[in-house]
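Step one of this worksheet: look at the structure below.
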Amino acid sequence: MKRVSPLFLVLLVLGFFFATYNLLTMIIHYKTSTSEQWDLSNPFIQMPGNLMEGEGSNSKYHVALTATDAPYSQWQCRIMYYWYKKVKEMPGSDMGKFTRILHSGKPDNLMEEIPTFVVDPLPEGLDRGYIVLNRPWAFVQWLEKAIIDEEYILMAEPDHVFVNPLPNLARGKHPAGFPFFYIKPSDHEHVIRKYYPEEKGPVTNIDPIGNSPVIIRKSVLEKIAPTWMNISLRMKDDPATDKAFGWVLEMYAYAVASALHDVHHILHKDFMLQPPWDTEVGKKFIIHYTYGCDYNLKGELTYGKIGEWRFDKRSYLSGPPPRNLSLPPPGVPESVVRLVKMVNEATENIPNWDTLNRG
C-alpha cells in the first residue's frame, strides 16, 4: 500500500467528524421515531397495494457491494465476505454468488480473496468529495458488463454482517427494502419536486429507503440504475438539495429513481438491525455497524462521548482492527456483544489479517 499523506489523513478525519456529527443529530431525532409510524408487530410493515397474493419468489439472489481500495473499505469487505460464506449454505438462505464491485479503476490486493469486478470511478472531481456518488455509477457499469447468473440482486455494503440466513424477500417485480427513519420525502417536498414532478403523483409514492439493503430483480435494477446515477449527480450539483440531504443524498436519489419507474418496495423492518440502537438480534438478518458503540464500564450507553469501552469502525481508518477485541462490559445489549464476537471470529480466521491491508 502506498504511504498516505498527512494532509489526506487530516481531511479524512475532518470528513468523518462531520459525518459523526450528522449521525449524532439523527440519533437525537431517532428516539422520537418509533412504533407510532410503523406496525412493529409485523415484519412486513408496508406492502405495495398491487402485490398479488401468492406472488412470491424462491430465486437465488446475487450479493453485490460497492467498495474502494482504501484499507478502511477493505477490512470491512473481508469481514462481510467471511460471514457471507458461512451463512450462504445455512438452511433458509437464498444467497447465490458474491461480487465486490471495486470502483477504484484498478485491481487491488484482495482480488484473489474476494470475487471482484473492477469498474471505473467517476471522472476526477465530479463527486465533489462525496465518494458515495460512485455507487450508482459502479452498478450501471457492472450491470452492463458483467455476467450475472441470478435473477435477483442484493445490494449490500461493506459494513454489513450476515447474522441469520437471508431468504429472497422480494416478491416478483416488487423489491424488498429496509425503511430508514431519516428518509422522509414528505418533509422535503419542495426539494423532491425538482426531480419527481407533480404529474407522477404524491411524494408519498417515494419509499423511505436507500439502495441498500435492497433485494431486487436484475431487470428492474437495470432500468433504475441509470436514472439513479443521473439524479444523484443532479442532486449533488444543486446547492439547495445538497444542503437538505447531505450525506444521505444518494439514498434519496435511489428512492426517487425507483418511484419514477413506478417501482415500489416491500418495506421489511427485520431486514437489518443497527447497534447500539437496536438491542436484540432476534430473527433479523443483517447487522449494520454504521454507528459507534460507546459504553462506560457499567454497561451504560454514552453516545456522543467516547466510552470507556467502544467499538466504532471509524477508529480504524488506516488499517484493520486488531484481532481479539475486548468484549463489552456486562449490561451492554446483546446486539453489540454479538457484533464484536462476529468481528473477532472473522479476524481470527481470515489469513494475513493484521498485515494485508494496513495503510
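Worth knowing before you read on, the calculation uses all heavy atoms, side chains too, and leaves out hydrogens, waters and symmetry mates.
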### Query
Same cluster for Leu102 and Leu65 if Ile/Leu/Val/Met/Phe/Trp/Tyr side chains link at under 4.5 Å?
no
### Of all pairs that satisfy ring pair (Phe, Tyr, Trp, His ring centres under 6.0 Å), the ones with a partner from residues 220-239, not counting sequence neighbours
Phe139-Trp228, Trp228-Tyr254
### Query
Does any N or O in the side chain of Asp108 come within less than 3.5 Å of the main-chain N or O of Leu110, such that one atom is a donor and the other an acceptor?
yes
#### Entry: Residue pairs, two or more places apart or on separate chains, that pass ring pair (Phe, Tyr, Trp, His ring centres under 6.0 Å) and touch residues 324-348
none
#### Entry: For Tyr81, all residues meeting ring pair (Phe, Tyr, Trp, His ring centres under 6.0 Å), sequence neighbours excluded
Tyr84, Phe98
#### Entry: For His188, all residues meeting side chain to side chain donor-acceptor pair (under 3.5 Å), sequence neighbours excluded
none
### Lys313 bridged to Asp159 by N-O distance under 4.0 Å
yes
### Query
Is there a side-chain contact between Leu267 and Phe178, using heavy atoms and a 4.5 Å cut-off?
no
### Whether over 12 other heavy atoms sit under 6.0 Å from Lys88 NZ
yes
### Query
Quick check: does any side chain N or O of Thr227 sit under 3.5 Å from a backbone N or O of Ala257, one acting as donor and the other as acceptor?
no
### Task
Using modelled atom types only, decide if a donor and an acceptor are shared between the side chain of Asn168 and the backbone of Asp94 within a distance under 3.5 Å.
no
### Message
Please enumerate all residues that pass salt bridge (Lys or Arg N to Asp or Glu O under 4.0 Å) together with Asp127, with sequence neighbours excluded.
### Response
none
### Query
Got a donor-acceptor contact below 3.5 angstrom from the Arg310 side chain to the Cys293 backbone?
no
### Summary
Trp142 meets the side chain to side chain donor-acceptor pair (under 3.5 Å) criterion, sequence neighbours left out, with none
### Message
Assess, by modelled atom type and distance only, whether the side chains of Ser258 and His264 contain a donor and an acceptor separated by less than 3.5 Å.
### Response
no
### Task
Salt-bridge test for Glu151 and Arg217: reply yes if a basic N is under 4.0 Å from a carboxylate O, no otherwise.
yes
### Task
Would you please name every residue forming a side chain to side chain donor-acceptor pair (under 3.5 Å) with Lys218, sequence neighbours left out?
none
### Query
Among all residues two or more places apart in sequence or in another chain, which pass the ring pair (Phe, Tyr, Trp, His ring centres under 6.0 Å) test with His160?
His288
#### Entry: Nearest-0.5 Å distance, OG1 of residue Thr279 to CZ of residue Arg338
13.5 Å
### Query
Between Tyr289 and Tyr291, is the gap from one ring center to the other below 6.0 Å?
no
### Full working for side chain to side chain contact (heavy atoms under 4.5 Å, CB included) between Tyr252 and Ile183
CA-CA 7 Å; Tyr252 271 100; Ile183 301 297; 3.7 Å; yes
### Message
Take a 6.0 Å sphere around NZ of Lys194 and say whether it holds more than 12 heavy atoms from other residues, nucleotides or ligands.
### Response
yes
### Query
In terms of hydrophobic clusters joined by side-chain contacts under 4.5 Å, are Leu143 and Val118 together?
no
### Message
We want to know whether Arg100 and Thr116 form a side-chain donor-acceptor pair, criterion being a heavy-atom distance below 3.5 angstrom.
### Response
yes
### Query
Any donor and acceptor pair, going by atom type alone, linking the side chain of Asn349 with main-chain N or O of Ala346 inside 3.5 Å?
no
### Query
What residues form a salt bridge (Lys or Arg N to Asp or Glu O under 4.0 Å) with Lys200, not counting sequence neighbours?
Asp262
### Query
Hey, is the main chain of Val119 close enough, under 3.5 Å, to the side chain of Trp137 for a donor-acceptor pair?
no
### Task
Not counting sequence neighbours, which residues clear salt bridge (Lys or Arg N to Asp or Glu O under 4.0 Å) with Glu113? List them please.
Arg78
### Query
Considering residues, nucleotides and ligands other than Lys298, do more than 12 of their heavy atoms fall under 6.0 Å from its NZ?
no
### Query
Distance-only, no hydrogens or angles: does the Trp83 side chain make a donor-acceptor pair with backbone N or O of Met342 under 3.5 Å?
yes
### Query
Taking NZ, NE, NH1 and NH2 as the nitrogens, is one of them in Lys236 or Glu250 under 4.0 Å from a carboxylate oxygen of the other?
no
### Task
Say whether, by atom type as modelled, one donor and one acceptor occur between the side chain of Glu150 and the main chain of Ser59 under 3.5 angstrom.
no
### Query
Counting distance only, does the side-chain N/O of Asn164 pair as donor-acceptor with the main-chain N or O of Phe285 below 3.5 Å?
no
### Task
Look at Asp69 together with Lys106 and state whether they make a salt bridge at an N to O cut-off of under 4.0 Å.
yes
### Query
Are Asp278 and Lys269 within salt-bridge range, i.e. N to O under 4.0 Å?
no
### Residue that, paired with Arg128, satisfies salt bridge (Lys or Arg N to Asp or Glu O under 4.0 Å) out of Asp242, Asp238, Asp237
Asp237
#### Entry: Aromatic ring proximity, centroids under 6.0 angstrom, Tyr130 and Trp247
no
#### Entry: Side chain Arg171, main chain Leu169, donor-acceptor under 3.5 Å
yes
#### Entry: Results of salt bridge (Lys or Arg N to Asp or Glu O under 4.0 Å) for Glu189 - residues two or more places apart only
Arg193
### Task
Determine whether more than 12 heavy atoms belonging to other residues, nucleotides or ligands lie under 6.0 Å from atom CG of Leu327.
yes
### Message
Restricting to side chain to side chain donor-acceptor pair (under 3.5 Å), what partner residues turn up for Glu345, sequence neighbours left out?
### Response
Tyr82, Lys86
